[in-house]
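Comments concern the structure below.
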Amino acid sequence: MTMNEIIEEVTEGIYKDYPVLLEKYGELGRQKCREDNEHHIKHLQTAVSMVDEKFFIDYAHWLNGILTSRGMKTEHLVDNFERLQVAFNKAETEENNKDYINILKNAIYSLKHKENHI
């Protein structure tokens with residue numbers, strides 16, 4: 001499974017489970033969701049290459065601050081990250097998948113527990 005296939009699977013899963021998103025944001029919202037997941041993956045790749053999971057966790061908290069200020073909930077971001085975990089778990093070809101999954105797990109934990117984050 002390629003990164004594009006992972007992005008597509010996650011995006012389609014979100015829009016399948018939350019059809020109201022298509023009604024509310026239309027096809028442009030679906031495209032934005034794809035772009036957001038590209039950003040998530042790029043930040044994951046950077047965190048793995050730097051061997052610095054805090055880089056991704058900081059990104060997750062920064063993004064969550066932006067999203068919640070625009071009316072979204074932390075649960076939306078957590079849901080997206082959980083879907084990425086599932087997709088990476090299914091994609092056996094990528095050597096860094098276990099690292100991505102662990103970083104996502106720790107970011108989810110941090111977001112759910114609203115750990116002190118600056």
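All values below come from the heavy atoms of this structure, side chains included, with hydrogens, waters and symmetry mates left out.
The distance from the OG1 atom of T74 to the CG atom of N64 is 3.5 Å, given to the nearest 0.5 Å. Here the OH atom belonging to Y100 is positioned 7.0 Å from the CG atom belonging to L44, to the nearest 0.5 angstrom. The distance from the OG1 atom of T11 to the NZ atom of K16 is 14.5 Å, given to the nearest 0.5 Å. The structure places OG1 of T2 at 8.0 Å from CD1 of I7, a figure rounded to the nearest 0.5 Å. In this structure, CG on D58 lies 8.0 Å from CG on D52, to the nearest 0.5 angstrom. Considering CG of N89 and CD of Q85, their distance stands at 8.5 Å, rounded to 0.5 Å.
Residues satisfying the side chain to side chain contact (heavy atoms under 4.5 Å, CB included) criterion with N102, sequence neighbours excluded, are K105. Residues passing the ring pair (Phe, Tyr, Trp, His ring centres under 6.0 Å) test with F55, sequence neighbours excluded: H43.
Pairs passing the salt bridge (Lys or Arg N to Asp or Glu O under 4.0 Å) check and including a residue from residues 71-89, sequence neighbours excluded, read D17-R83, D79-R83, E82-K112.
Y59 is connected to I66 through a chain of hydrophobic side-chain contacts under 4.5 Å among Ile, Leu, Val, Met, Phe, Trp and Tyr, so both are in one cluster. Linking Ile, Leu, Val, Met, Phe, Trp and Tyr residues whenever their side-chain heavy atoms come within less than 4.5 Å leaves V86 and I108 in two separate clusters. In the hydrophobic clustering of ILVMFWY residues, with side-chain heavy atoms under 4.5 Å counting as a link, I101 and M50 come out apart.
Nearest heavy-atom pair across A60 and L77 is O-CD2, 3.6 Å. Across every non-hydrogen atom of Y15 and C33, the tightest pair is CE1-CB, 3.9 Å. Shown here for M1 and A91, the closest heavy-atom pair between the two residues is CB-CB, 3.5 Å.
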For this session: Assess whether side-chain contact (heavy atoms from CB on, under 4.5 Å) is satisfied between K32 and D36, documenting all intermediate values.
Result: CA-CA 6 Å; K32 184 70 179 134; D36 289 347; 3.4 Å; yes
For this session: Mind running side-chain contact (heavy atoms from CB on, under 4.5 Å) on L63 and H39 for me, showing each step along the way?
Result: CA-CA 11 Å; L63 180 59; H39 291 297; over 6 Å; no
Exercise. Would I103 and N106 satisfy side-chain contact (heavy atoms from CB on, under 4.5 Å), going step by step from the backbone distance to the final call?
Worked result: CA-CA 5 Å; I103 291 171; N106 291 331; 5.9 Å; no
Exercise. F81 and V78: side-chain contact (heavy atoms from CB on, under 4.5 Å), yes or no, with the steps?
Worked result: CA-CA 5 Å; F81 286 175; V78 167; 5.8 Å; no
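At least one side-chain heavy atom of M3 sits less than 4.5 Å from a side-chain heavy atom of Q45. Using a 4.5 Å heavy-atom cutoff, the side chains of D99 and N96 are in contact.
Side-chain N or O atoms of E9 include none that pairs as donor or acceptor with a backbone N or O of I6 at under 3.5 Å. Remark: side-chain polar atoms of H76 are not paired, donor with acceptor, to backbone N or O of M72 under 3.5 angstrom. Side-chain N or O atoms of N97 include one that pairs as donor or acceptor with a backbone N or O of F88 at under 3.5 Å.
Ion pair E8/R30 not flagged as a salt bridge, since none of the NZ, NE, NH1 or NH2 atoms sits closer than 4.0 Å to an Asp/Glu carboxylate oxygen.
Proximity of the aromatic rings of Y18 and Y25 is defined here by a centroid distance below 6.0 angstrom, and this criterion is not met.
Side chains of N37 and N80: a donor-acceptor N/O pair is present below 3.5 angstrom, by distance only.
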